[in-house]
> 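Pasting in a structure now, in structure tokens, and then I'll have a few things to ask.
Nothing here was measured: the structure is a model prediction, and the numbers come from that model. Counting convention: from 1, in listed order, for ligands and their atoms alike.
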Amino acid sequence: MNNESLENLSTESRLYPPSADFVAQANAKAEMYEAATSDRLKFWEQQAERLSWHKKWNQILDWSNAPFAKWFSGGELNVAYNCVDRHVESGHGEQVAIYFEGEPGDTRTITYSQLKDEVSKAANALIELGIKKGDRVAIYLPMIPEATIAMLACARIGAIHSVVFGGFSAEALRSRIEDASAKLVITADGGFRKGNAFALKPAVDEAVQKSPSVENVLVVKRCGNEVAFGEKDIWWHDLVDKQSTEHSPEFFESETPLFILYTSGTTGKPKGILHTSGGYLTQAAFTHFNVFDLKPDKDIYWCTADVGWVTGHSYVVYGPLANRASQLIYEGTPDTPHKARWWELVEKYKVSILYTAPTAIRTFMKWGDDLPAQHDLSSLRLLGSVGEPINPEAWIWYREVIGSSKTPIVDTWWQTETGSIMISPLPGVTETKPGSAMRPLPGISAAVVNDKGEVLGNGKGGYLTLREPWPSMLRGIWGDDERYKETYWSQYPGIYFAGDGAKLDDDGAIWVLGRVDDVMNVSGHRISTTEVESALVSNPMVAEAAVVGASDEMTGQAIVAFVILRQGATEGPDTVQELRNHVAKEIGAIAKPKKILIVAEVPKTRSGKIMRRLLRDVAENRTLGDVTTLADPTVMNLISQGMTTGSED
Ligand code: 7RM
């Protein structure tokens with residue numbers, strides 16, 4: 001690795017202090033930073049107390065077997081009890097936990113008391129199928145309430161869930177079932193997406209045929225599409241509906257595994273990221289309460305992530321339910337039946353907190369301001385972003401067009417591995433800069449370092465590291481302790497390396513620049529793809545940009561940009577030249593893209609992250625690498641065709 005600090009950085013001087021009104025009511029207080037600095041473990045111990053424990057812990061943190069942490073060991077709790085039963089016991093059984101809206105427009109409203117009944121019945125059903133503490137259950141479902149219910153039912157009986165995103169293939173499902181030796185698969189006949197029923201069961205049938213560990217398949221009827229039924233298959237309604245609503249939760253030791261979530265690694269084999277109970281729930285609940293400023297009696301919260309991603313685990317299921325949120329779950333895509341569906345939902349449910357990804361924000365920017373303008377979005381009081389660096393211009397658009405120029409924006413940096421948000425503004429406390437995740441949360445110790453691991457000061461760029469264990473950290477990679485140590489702890493011994501590049505500005509605010517392999521080297525200058533993308537998006541014609549470094553004989557790497565124009569902007573003879581000059585003006589001549597292609601789409605993973613690897617293949621005229629994880633594999637054909645006609649000078 002080369003740590004030469006990032007040069008020619010663009011500067012962002014706009015500042016957004018919290019409003020006096022927001023400060024007056026905010027959950028988070030500035031004193032939290034001092035409290036956590038003066039006694040970090042005591043701070044986390046206090047956060048653990050927001051949960052209900054059956055037995056108190058003996059030790060806050062046991063790091064004697066680093067990098068395998070134990071948090072709150074000796075303590076006992078039930079995660080599902082914390083997310084459901086205790087709210088009913090405290091008199092909130094009639095509060096709505098989930099407002100469900102299916103893509104076709106069907107709706108369900110589930111109160112905490114009903115959720116308790118459903119989770120108890122599902123837990124009893126799992127027991128009837130012979131599922132015991134420690135068994136692995138694969139969940140392959142659309143975004144319907146049963147996804148949440150199935151996860152909580154596993155948690156309730158101490159089984160470990162492994163949610164596999166419903167958009168993944170039979171082979172992706174099979175390899176995950178095999179790696180975890182799952183005994184049960186919970187799925188549905190299908191789900192609704194883009195106006196149609198898409199079948200899930202055939203992929204499960206194919207995967208299960210080659211998975212000897214699977215004893216049963218529990219099938220939710222969602223779409224009513226025709227499905228083949230074999231001897232392992234059982235309808236959810238046949239088994240779950242007849243169960244008793246009574247189930248007494250058992251209490252499990254704090255380090256009891258809660259879930260495995262697979263994430264792609266540098267090799268082909270996905271990594272099963274392992275999370276456990278007490279520490280995970282503590283930090284998920286703490287961050288959800290403070291970063292989203294949740295007021296359980298007033299807010300309608302909506303996190304648009306699928307439960308197939310970690311964001312869906314921590315901020316659709318565990319964090320919000322532990323905090324007794326009322327939340328919206330929407331099954332479908334944002335453009336069905338029309339491109340204002342999300343804004344219609346915000347108006348209909350009076351959503352007050354919205355948490356989504358930059359890719360969605362940039363898509364809405366491209367679709368134009370008139371769609372959100374058709375709806376009353378005045379219920380929104382806080383907006384969040386996650387998944388990728390958010391370009392300053394997209395941040396400003398989000399705040400002005402969606403947030404009526406009033407709402408705070410929390411740009412939250414974290415990973416599947418970190419389990420919960422790590423770096424983010426605290427609304428009501430932090431003065432934010434558009435595009436920066438700002439500072440580590442109280443209790444979190446992060447630093448930007450050079451390749452020797454030396455901590456860098458303000459104004460410098462390097463690698464993002466986490467210096468101290470945190471409660472919701474991964475406890476390892478399922479079945480592969482060596483890979484865990486090698487992947488995260490070998491770059492800088494004793495310190496967690498996140499794999500992201502970051503810079504500190506002159507005030508010490510953190511700007512996450514994306515994965516380190518997304519940093520280009522042009523004539524010896526390290527330039528981040530994110531910064532060039534943000535410069536492009538700051539031009540009013542541009543909705544989205546994806547930038548890669550292509551090998552170049554003269555300069556080592558040359559900058560190639562793929563640009564999507566905003567609705568209404570048309571490409572003129574000078575557009576490409578104008579955009580190149582614009583980048584030179586924003587960042588410096590060194591960052592001027594050698595080549596710019598105007599395209600209709602860029603390749604993205606199903607969770608919305610740009611796949612620069614494929615764009616590099618195109619830019620370097622190579623045959624395309626693996627496209628199986630792309631949300632839409634056809635976009636690559638269009639881009640490759642454009643490459644041969646694209647302009648260059
Ligand atoms: C939550 C999630 C993790 C990677 C991470 C970063 C990137 C996520 C931000 C971000 C800049 C952000 N988990 N990332 N959030 N980059 N600013 N606010 O996305 O495991 O799927 O991905 O995502 O590169 O390492 S994840």
> Quick one, list the residues around ligand 1 where some non-hydrogen atom comes in under 4.0 Å, by chain and residue number.
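Its neighbours under 4.0 Å (heavy atoms only) are V310, T311, V386, G387, E388, P389, D411, T412, W413, W414, Q415, T416, D500, V512, R515, K609, given by chain and number.
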> Do R176's NZ or CZ and the ring of F168 fall within the cation-pi criteria of under 6.0 Å and 45°?
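Yes, R176 sits over the ring of F168.
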> Would you please name every residue forming a side chain to side chain contact (heavy atoms under 4.5 Å, CB included) with A182, sequence neighbours left out?
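Residues passing side chain to side chain contact (heavy atoms under 4.5 Å, CB included) with A182: R136, A138, I177.
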> Would you please classify the geometry between the F259 ring and the H161 ring as parallel, tilted or perpendicular, with 30° and 60° separating the classes?
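Parallel.
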> Any chance you could measure E601, atom CD, to T363, atom OG1, to the nearest 0.5 Å?
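So the CD of E601 and the OG1 of T363 are separated by 6.5 Å.
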> Quick one: list whatever passes side-chain hydrogen bond (donor to acceptor under 3.5 Å, both in side chains) with T287, sequence neighbours left out.
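Checked T287 against side-chain hydrogen bond (donor to acceptor under 3.5 Å, both in side chains); matches are Y315.
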> Which pairs with one or both residues in residues 429-447 pass side-chain hydrogen bond (donor to acceptor under 3.5 Å, both in side chains), sequence neighbours excluded?
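Applying side-chain hydrogen bond (donor to acceptor under 3.5 Å, both in side chains) to every pair that reaches into residues 429-447, excluding sequence neighbours, yields K433-D505, K433-D507.
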